[in-house]
Amino acid sequence: MSDTEGTRPIGDVLDALGIEATLDEGAGELVAGAIVLLKVIDVDGDARLSMAYSDGLSWIERAGMIHVAETMETRSTWPDGGS
């Protein structure tokens, strides 16, 4: 582990990647939890996946959110849009 390696907030990284979400705060929608999958590339060009999630999410909530996200992503690649 290098001197600069460690856990830190990643909001600035997500902002720099241009990640946005659709929320209707006027209708009272609140973000209750989040999971972030990161593709990280080291100086040698080797890639790895890393996952971060918000405090308070149980393992079953995390597993369910990942499953739903996979289903949504898979359906978005279907020719008919998953209808």
Side-chain angles (χ1 to χ4, degrees):
M1 182 184 296
S2 70
D3 291 339
T4 58
E5 185 177 348
T7 302
R8 70 170 190 85
I10 59 169
D12 59 325
V13 174
L14 299 177
D15 290 343
L17 291 170
I19 297 172
E20 296 180 341
T22 302
L23 302 172
D24 190 350
E25 294 171 349
E29 289 185 339
L30 300 172
V31 176
I35 297 174
V36 179
L37 294 175
L38 304 163
K39 178 181 175 184
V40 180
I41 302 173
D42 68 17
V43 294
D44 296 325
D46 297 326
R48 66 177 175 87
L49 288 180
S50 181
M51 181 175 76
Y53 49 86
S54 54
D55 289 339
L57 286 178
S58 68
W59 71 269
I60 194 74
E61 289 172 308
R62 294 191 307 266
M65 289 172 70
I66 291 169
H67 177 73
V68 170
E70 180 180 25
T71 300
M72 292 169 64
E73 181 62 21
T74 301
R75 287 188 176 183
S76 73
T77 62
W78 290 357
D80 66 355
S83 339

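- In this structure, V31 belongs to a hydrophobic cluster whose other members, linked by side-chain heavy atoms under 4.5 Å apart, are L23.
- Under the side chain to side chain donor-acceptor pair (under 3.5 Å) criterion, S50 pairs with no residue, sequence neighbours left out.
- Smallest separation of non-hydrogen atoms from G33 and S54: CA-OG, 3.2 Å.
- For residues 9-25, every residue pair satisfying the salt bridge (charged side-chain N to carboxylate O under 4.0 Å, His left out) rule, not counting sequence neighbours, is listed here: R8-D12.
- Residues satisfying the side-chain contact (heavy atoms from CB on, under 4.5 Å) criterion with M51, sequence neighbours excluded, are I35, L37, Y53, I66.
- Under the side-chain hydrogen bond (donor to acceptor under 3.5 Å, both in side chains) criterion, the residue pairs touching residues 57-72 are S58-E61, with sequence neighbours excluded.
- With D44 contributing its side chain and D46 its backbone, the two residues share no donor-acceptor pair below 3.5 Å.
- Under the side-chain contact (heavy atoms from CB on, under 4.5 Å) criterion, A47 pairs with K39, I41, sequence neighbours left out.
- Cluster partners of L38, by chain and number: I10, V13, L14, L17, I19, V36, V40. The rule joins Ile, Leu, Val, Met, Phe, Trp and Tyr whenever side-chain heavy atoms lie under 4.5 Å apart.
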